[in-house]
Amino acid sequence: GMRKSLLPLLLPPLLAALAACAIPELTISYYENVPCRLLQQLLNESYDKAHVTVWCTNYSMWHKNVVDAFKDGKGGPDLAVYDSQWLGEFVDGEYLLDISDLVENYTTRYFQMDYFGVWPADSGRYYGFGISGNNYMLVLRKDIFNKYNFSWRFSDWNDMLEAARFFKSNTSENFDYGFVATWCGNFDACYDEMACTLMQMFLSFGGDLWDAKSYKIKGVLDSIRNEQAMKLGLSLLETCQPKGCADMHYNSVIHALCYGESPLGMLWVNFGQSFMNETACPMKDKLHYISVPKGDQGIGVLGGQGLGIMRQSPNLEAAKELLSWLLLPETQYRWSELGGLTTMSSIMQDYEFILRQPFNIVYVANFAFTEDLWRLPEYFELMRTHMETLHKGMTGELTPMAALQEAAAKEQDEVDEHHPCGPSECKHDGFPEWAAILIPLLIVGVLFVVILVAVVVGAIVAVTVMRKRFIQKGINMHRTVIFGRRAQN
C-alpha cells in the first residue's frame with residue numbers, strides 16, 4: 001500500500017529528470033557585447049529543444065578561442081558566431097559544416113546572405129547566415145547642435161570636422177573631445193577597430209582597400225583619395241587634444257558620448273543598445289543617430305556576424321535543429337523585438353522595426369549598401385599588417401602616403417604568396433600564367449610543322465616515284481622501238 005501511494009508522487013519528478021537528461025546541451029561562441037546577451041535571452045525564453053549557453057568572450061580573444069578549440073579537437077562550441085571576413089579561413093580549415101540544404105529556402109530572404117555564408121565567393125555553398133547585421137552611424141548631441149544653431153546634416157567629412165573643431169574650442173561647454181571614434185591601432189588589443197574606422201573614411205572619399213575582382217592592392221590602397229581620408233582622420237584626432245584618443249576602444253567611445261565628454265562620435269549600430277539605459281548612459285535622451293557621410297559611392301563598411309555550425313560538434317543534429325529554428329521568420333521577429341539587428345529583409349523593411357529603436361533607421365538605410373573587407377583565408381595575417389602599418393601613419397611615425405604605400409606593398413606580397421593567379425585557380429600547376437597560354441600555342445605550332453613536313457616529304461616521294469615511272473616507261477618504249485626494228489630486219 002505504501003509503494004502504491006508513493007508512486008504517483010515520485011513519478012512526475014522522475015520523468016522530469018529523465019526528460020532533462022534527454023535534452024542536449026549546446027554552446028555558441030560570441031564576443032561580449034549587448035547582442036550576445038540578447039541572443040542568450042532569446043534562447044532562454046523561446047527555445048526548449050536544447051539547453052543553449054552563449055559564451056560572451058573577450059573581444060580580442062574571440063577568434064583565438066574558436067580556432068584553438070577546433071585545432072585541439074575538444075572543448076569548442078557547437079555553433080560559432082563569426083566575423084564575415086573569417087569565413088574563408090573557417091571553410092578552408094574545415095571548421096564549419098556545409099548547411100546549404102538548411103538555408104536553401106532563405107538565401108534570398110536575408111540581406112547580404114552571400115557575405116555571411118558563401119565561400120568560395122562563386123561556389124553557391126553556404127556555411128552560415130547573418131545572425132546580426134551592422135554598419136556605422138554617427139551619434140551626436142542634438143541639443144548642443146541646436147543650441148548653437150549648428151547643422152548636424154553633414155554633407156561630407158569636412159563639414160563634420162568643422163563641427164568637431166567648433167565644439168572642441170567652445171570653452172563654455174568644456175568638451176574633452178570634438179569627435180570620438182575607435183582609433184586604437186593595436187591589433188592584439190583592438191583587432192580591427194582603427195582599420196574599420198579608416199575604411200569607412202576611404203570609401204567615403206571614393207577609395208578602397210583593394211580590387212576584389214583582381215586581388216590588386218598596390219595602386220588601390222595607396223591612392224590619393226585614401227591619403228586625403230587619412231589626413232582628415234588626423235585632423236579629427238587633433239580635436240581630441242590635449243587628452244588624446246589615439247588608443248580609443250569601443251567602450252571609451254560609448255563612455256565619452258554617454259557622459260558628455262564629446263558632442264559627436266562614430267560607432268557601429270549594434271552598440272546602440274549601450275545608449276538605451278539612462279543609468280548607464282546619462283545622456284540617453286539627448287543623443288541623436290544619423291548616417292555617416294558616404295560620399296559619391298554611397299557605400300559603407302559591412303559589419304555584423306554570421307552564425308554557423310562547427311563540424312566537430314558532438315551534437316550536430318541538435319545544432320542543425322537550432323540553426324533551422326533561428327532562421328524562421330517568427331524567431332527573427334522576436335530577435336528584433338529584443339533589440340537584435342536581424343538581416344531578414346522583410347522584417348528590416350517593416351515600419352515597426354524601423355521605429356522600434358532610434359538607430360534602426362540608420363541601420364535599415366545603410367546595411368544593404370555595405371562592402372566587406374578582404375574575404376580571404378589570410379584575413380588575420382592581412383589585418384595585422386594593415387593595423388600595424390597604418391597606425392604608423394596615424395601616430396606621426398610615417399606620413400599618411402608613406403604608411404599607405406608600405407601597407408600596400410606588404411599586403412600585396414601576402415596576397416600574391418597565397419593567390420599567385422589572383423581570384424582564379426592557377427592553370428597547369430607549377431607553370432607561370434604566361435606558360436599556360438604559350439605551351440598550347442607551341443604544341444599547335446609543332447603539330448603544324450610536323451604536318452607540313454609530312455606533306456612536303458610525301459610530295460617529294462610522289463614526284464620521285466612518278467619520275468621513276470615516267471623514265472621507266474620511256475626506256476620501255478625505246479626498247480620496243482629498237483627491238484621492233486630488229487625484228488623487221
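What you are looking at is a predicted structure, and each value in this text was computed from that prediction instead of being measured. The figures that follow rest on heavy atoms only: side chains count, while hydrogens, waters and symmetry mates do not.
Looking only at distances, no side-chain donor or acceptor of Ser223 sits under 3.5 Å from a matching main-chain atom of Gly207. One N or O on the side chain of Asn360 and one on the backbone of Phe353 form a donor-acceptor pair closer than 3.5 Å. Looking only at distances, a side-chain donor or acceptor of Gln200 sits under 3.5 Å from a matching main-chain atom of Val301. Of the possible donor and acceptor atoms, none in the side chain of Ser291 sits under 3.5 Å from a partner among the backbone N and O of Val362. Side chain of Asp78 to main chain of Ser313: no donor-acceptor pair is present (N/O by atom type, distance under 3.5 Å, no hydrogens or angles). In this structure, Tyr191 contributes its side chain and His63 its backbone to no donor-acceptor pair below 3.5 Å. The main-chain N or O of Leu236 is found under 3.5 Å from a side-chain atom of Thr239 such that the two form a donor-acceptor pair. At least one donor-acceptor pair closer than 3.5 Å links the side chain of Ser336 to the backbone N or O of Tyr333. The closest donor-acceptor contact from the side chain of Asn226 to the backbone of Leu221 lies under 3.5 Å. Side-chain atoms of Gln412 come within 3.5 Å of backbone N or O of Tyr215 as a donor-acceptor pair.
Residues Trp183 and His391 keep their aromatic ring centres 6.0 Å or farther apart. Within the 6.0 Å centre-distance limit, the rings of Phe90 and Trp86 are counted as a close aromatic pair. No close placement of the Tyr30 and Trp55 rings is indicated, their centers lying 6.0 Å or farther apart.
Taken from CE in Met194 to CE in Met199, the straight-line distance is 13.5 Å, to the nearest 0.5 Å. One finds the NE2 atom of His386 at 7.0 Å from the CG atom of Leu373 (value rounded to the nearest 0.5 Å). Residue Lys142 holds its NZ atom at 10.0 Å from CD1 of Ile290, rounded to the nearest 0.5 Å. Annotation: the span from Phe187 atom CZ to Glu193 atom CD amounts to 11.5 Å, rounded to 0.5 Å. With rounding to the nearest 0.5 angstrom, the SG atom of Cys184 is 8.0 Å from the NE2 atom of His249. A distance of 3.5 Å separates CG in Asn270 from CG in Asn134, rounded to the nearest 0.5 Å.
Within the structure, the salt bridge (charged side-chain N to carboxylate O under 4.0 Å, His left out) test picks out the following pairs touching residues 85-106 (sequence neighbours left out): Asp98-Arg125. The stretch residues 341-352 participates, sequence neighbours left out, in these salt bridge (charged side-chain N to carboxylate O under 4.0 Å, His left out) pairs: Glu352-Arg356. Sorted by first and then second residue, the salt bridge (charged side-chain N to carboxylate O under 4.0 Å, His left out) pairs involving residues 196-212 (not counting sequence neighbours) form an empty list. Sorted by first and then second residue, the salt bridge (charged side-chain N to carboxylate O under 4.0 Å, His left out) pairs with a member in residues 366-384 read Asp188-Arg384, Asp372-Arg375, Arg384-Glu388; sequence neighbours excluded. Applying the ring-ring contact (aromatic ring centres under 6.0 Å, His included) test to residues at least two apart or on different chains, the pairs with a partner in residues 97-120 are Tyr110-Phe129. Within the structure, every pair that satisfies the ring-ring contact (aromatic ring centres under 6.0 Å, His included) test and touches residues 273-331, not counting sequence neighbours, is listed here: Tyr47-Trp325, Trp152-His288, Tyr289-Phe359.
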Item to complete: Test Leu326 against Leu42 for side chain to side chain contact (heavy atoms under 4.5 Å, CB included), laying out the working first.
Response: CA-CA 10 Å; Leu326 285 166; Leu42 171 71; 4.1 Å; yes
Walk me through whether Tyr59 and Asn33 qualify under side chain to side chain contact (heavy atoms under 4.5 Å, CB included).
CA-CA 9 Å; Tyr59 185 64; Asn33 64 352; over 6 Å; no
For this session: Check the pair Asn135 / Tyr363 against side chain to side chain contact (heavy atoms under 4.5 Å, CB included), numbers first and verdict last.
Result: CA-CA 6 Å; Asn135 52 259; Tyr363 172 57; 3.3 Å; yes
Check the pair Phe271, Val34 against side chain to side chain contact (heavy atoms under 4.5 Å, CB included), reporting the backbone distance first and the verdict last.
CA-CA 7 Å; Phe271 286 102; Val34 174; over 6 Å; no
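Atom CG of Leu338 has more than 12 heavy atoms from other residues, nucleotides or ligands within 6.0 Å. By the neighbour-count criterion of 12 heavy atoms within 6.0 Å, atom NZ of Lys392 is densely surrounded, having more than that number from other residues, nucleotides or ligands.
With sequence neighbours excluded, the residues that form a side chain to side chain contact (heavy atoms under 4.5 Å, CB included) with Ala229 are Met201, Phe202, Phe205. The salt bridge (Lys or Arg N to Asp or Glu O under 4.0 Å) search around Arg225 returns none, not counting sequence neighbours. For Cys196, there are no disulfide (SG to SG under 2.5 Å) partners, not counting sequence neighbours. For Asp68, the salt bridge (Lys or Arg N to Asp or Glu O under 4.0 Å) partners at least two apart in sequence or on another chain are Lys64.
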Which donor-acceptor pairs under 3.5 Å do side chains of residues 277-286 form with protein atoms, sequence neighbours excluded?
{"from": "Asn277", "atom 1": "OD1", "to": "Thr279", "atom 2": "N", "distance (Å)": "2.9"}
{"from": "Asn277", "atom 1": "OD1", "to": "Ala280", "atom 2": "N", "distance (Å)": "3.3"}

Run the side-chain donor-acceptor check on residues 316-324: report pairs under 3.5 Å with partners two or more places apart or on a different chain.
{"from": "Glu321", "atom 1": "OE2", "to": "Lys49", "atom 2": "NZ", "distance (Å)": "3.3"}
{"from": "Ser324", "atom 1": "OG", "to": "Lys320", "atom 2": "O", "distance (Å)": "2.9"}

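Among Asp192, Asn251, Thr197, Asp247, the single residue meeting the side chain to side chain donor-acceptor pair (under 3.5 Å) criterion with Thr182 is Thr197.
In this structure, Trp62 and Tyr31 have tilted ring planes: the angle between them lies in the 30° to 60° band.
Counting heavy atoms from C-beta on, the side chains of Trp374 and Leu209 come closer than 4.5 Å. Counting heavy atoms from C-beta on, the side chains of Leu302 and Ser84 come closer than 4.5 Å. Looking at Arg334 and Glu45, their side chains come closer than 4.5 Å, going by heavy atoms from C-beta outward. Taking 4.5 Å as the limit, every side-chain heavy atom of Met230 sits out of range of all side-chain heavy atoms of Leu234. Side chains of Pro329 and Met344 form a contact here, defined as non-hydrogen atoms less than 4.5 Å apart.
Scanning all heavy atoms of the two residues, the minimum distance from Ser262 to Leu257 falls at O-CD2, 3.8 Å. Closest heavy-atom contact between Leu87 and Gly117: CD2-C, 3.5 Å. For the pair Thr370 and Asn366, the tightest heavy-atom approach, listed with the atom from each and the gap, is CG2-O, 3.4 Å. When all heavy atoms are compared, the tightest approach of Trp268 to Gly303 is CZ3-CA, 3.6 Å. Taking both residues in full, the closest heavy atoms of Cys56 and Glu32 are given as CB-OE1, 3.3 Å, listed atom of the first, atom of the second, then distance.
Lys410 and Glu414 are not joined by a salt bridge, as no carboxylate oxygen comes within less than 4.0 angstrom of a charged side-chain nitrogen. Under a 4.0 Å N-O distance rule, the pair Lys218/Glu411 does not qualify as a salt bridge.
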